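The structure displayed is predicted, hence computed values, not measured ones.
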Amino acid sequence: MTAASGQGPLHRPPLAEEVTARLRESIAAGQWPLGGRIPPEPELMSSLGVSRGTLREAVKALAHAGMLEVRRGDGTYVRATSEISGTARRAYREYDDEDVLQVRFALDTQAARLAAQAVQAARPAHTAQPEHTAQPEHSGQAAAQVTPAPNDSAVAAMRGMLARRREAWAEQDLEGWIAADWDFHQAVAAASGNPLLHELYSTFGDVFHGAKMAQRLRDGFDGCLRAGHEDLADAIEAGDAEAAAQTVIANLQYCLAWMPPRTP
């Protein structure tokens, strides 16, 4: 088949790529649950209308992306619902804590800067007094209400997470501390207004701040360090991007100092 006059021929993507895309969509849509086994080859070959070789090429591509796991003699299982989460699972296995923490220096500081900038950008439009609004002339008139900036509520939510973090640490509830601490960092990423950055935090939670990282905690570690947490919430609320980044760096440097030496 040729395209309209004046254009070259239309080229369809290779069949294996089409099949890969269809399998990817089925996984992302939850047609096959996370941890569950996908249908056997004959059933997929029939439903997709492809050969065994084409199907296996597509499955191999998704296995390489971390979305599928092929178990010989057992079947193929869903390991992640997207390539990015598949990458996170591989990172959890293949990289050590210091590598992960060094990456967080880049991501955490940028999330902090963007969150502070978002508050600063939103606040003037919501705090400025409209020129046509009359000021109250006596105590019987209701004072004009100032609408908070959109991210002010996000900062209030962050402070609630930090309160839970302090309570969990005081009660030596490690799981509760991990959950509250990571909820806070995800909230900062969400407040950045960058959906990709937020997705990275949501997807890489186990890598950035899961049980593996918590196992490195030792006696003397301060689980309620204000740097990168309460100080960060203050900087975001003030709309101070540079202060936000600096307190994040202080927290990560503290954490880095507690990392065990690299094994040869």
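Within the model, atoms CG of L200 and NE2 of H198 stand 10.5 Å from one another, a figure rounded to the nearest 0.5 Å. Atoms CG and OG, on D108 and S192 in that order, are 11.0 Å from each other to the nearest 0.5 Å.
Aromatic ring pairs are classed by plane angle as parallel below 30°, tilted from 30° to 60° and perpendicular above 60°; the pair H185 and H229 is perpendicular. Using cut-offs of 30° and 60° for the angle between ring planes, the F221 and Y254 rings count as tilted.
In terms of modelled atom types and a separation under 3.5 Å, the side chain of T20 and the main chain of A16 share a donor-acceptor contact. In this structure, R79 contributes its side chain and A63 its backbone to no donor-acceptor pair below 3.5 Å. Within the 3.5 Å criterion, the main-chain N or O of P42 finds no donor-acceptor partner in the side chain of S46. No side-chain donor-acceptor contact under 3.5 Å links Y201 to the backbone of A190.
In the hydrophobic cluster analysis, where Ile, Leu, Val, Met, Phe, Trp and Tyr join through side-chain heavy atoms closer than 4.5 angstrom, L55 is grouped apart from Y77.
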Margin query: Does Q117 form a side-chain contact (heavy atoms from CB on, under 4.5 Å) with L114? I'd like the steps, not just the answer.
Written below: CA-CA 5 Å; Q117 289 170 0; L114 290 174; 3.7 Å; yes

Checklist line | Intermediate values then yes/no, side-chain contact (heavy atoms from CB on, under 4.5 Å), V19 and L44 | finding: CA-CA 10 Å; V19 175; L44 288 174; over 6 Å; no

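In this structure, A191 and M158 approach most closely via the heavy-atom pair CB-CE, 3.7 Å. Looking at every heavy atom in both residues, L232 comes nearest to A112 through CD1-CB, 3.6 Å.
Considering only heavy atoms from C-beta on, L256 comes within 4.5 Å of Q102 through its side chain.
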